[in-house]
Amino acid sequence: MLPAQDPFRSRMEGQMLSKLYDMGVLNSTAKLSDIENKLTVAAFCRRRLAVYMCMSKMAETVSAAVKFIEQGHVRVGPDTVTDPAFLVTRHMEDFVTWVDTSKLKRTIMSYNDELDDFDLL
């Protein structure tokens, strides 16, 4: 075990806390003791794609979100994701969308009166 004043230890602690914050499982004011106390399995489960879709109102239930993902209706960035356990980090949250060719996307857009005639081609 390294002493608390060791610069290598403090640098590694900072990198670990930064990585856990970027993953979304700890908040920005976390300290090293929070890894033992606040880092839970539930924190990782809340970052799953299916759960994130429910939290962002893309799906009504987690089971419906799982079906949408497995059927290939969801993409993260440019890639279609078919694994409901895909971990969505803080940086990826804004890039979770429907696949362009998805019938669900077309239905949602027509319901919201956002469907363009060009999309029907």
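Keep in mind that this is a model prediction, so the values were computed, not measured. Start at 1 with the first residue, then count along the sequence.
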(request) Quick one: do L26 and L17 satisfy side chain to side chain contact (heavy atoms under 4.5 Å, CB included)? Show the steps, please. (result) CA-CA 8 Å; L26 286 179; L17 290 172; 4.1 Å; yes

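- With V74 as the fixed residue, the side chain to side chain contact (heavy atoms under 4.5 Å, CB included) test singles out one of L104, V81, V96: V96.
- A distance of 7.0 Å separates CG of D34 from CG of N27, quoted to the nearest 0.5 Å.
- Side-chain heavy atoms closer than 4.5 Å link hydrophobic residues (I, L, V, M, F, W, Y) into clusters, and following such links, possibly through other members, connects V88 to W98.
- The CG atom of L87 sits 6.5 Å away from atom CE of M92, with the distance rounded to the nearest 0.5 Å.
- For the atom pair R47 CZ and F86 CZ, the distance stands at 11.5 Å (nearest 0.5 Å).
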(message) Applying side chain to side chain contact (heavy atoms under 4.5 Å, CB included) to F44 and M23, what does each step give before you reach the verdict?
(response) CA-CA 9 Å; F44 283 96; M23 289 174 63; 3.4 Å; yes

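- Both V25 and L32 are part of a single hydrophobic cluster, where members link through side-chain heavy atoms under 4.5 Å apart.
- For the pair R46 and Y52, the cation does not sit on the ring face, since its NZ or CZ is not both under 6.0 Å from the ring centre and inside 45° of the axis.
- A salt bridge does not link K31 with E36: none of the charged nitrogens is closer than 4.0 Å to a carboxylate oxygen.
- Between the side chain of D79 and the main chain of V76, no donor-acceptor pair closer than 3.5 Å is present.
- The nearest pair of heavy atoms linking P84 to E70 is CG-OE2, 4.0 Å.
- Atom OG of residue S33 and atom NZ of residue K38 lie 7.5 Å apart, to the nearest 0.5 angstrom.
- The two atoms that bring A50 and V66 nearest to each other are CB-CG2, 3.8 Å, heavy atoms only.
- Judged by distance alone, the side chains of R75 and T80 never bring a donor and an acceptor atom under 3.5 Å apart.
- Nearest heavy-atom pair, F8 versus L2, reported as atom, atom and distance to 0.1 Å: CD2-CD1, 3.7 Å.
- Annotation for F68 and M58: closest pair CE1-O, 4.4 Å, computed over non-hydrogen atoms.
- Note on Y21: it does not cluster hydrophobically with L39, by side-chain heavy-atom contacts below 4.5 Å among ILVMFWY residues.
- To the nearest 0.5 angstrom, I69 atom CD1 is 8.0 Å from R48 atom CZ.
- Not a single donor-acceptor pair under 3.5 Å links the side chain of S18 to the backbone N or O of G14.
- To the nearest 0.5 Å, atoms CG (D22) and CD (Q15) are separated by 11.5 Å.
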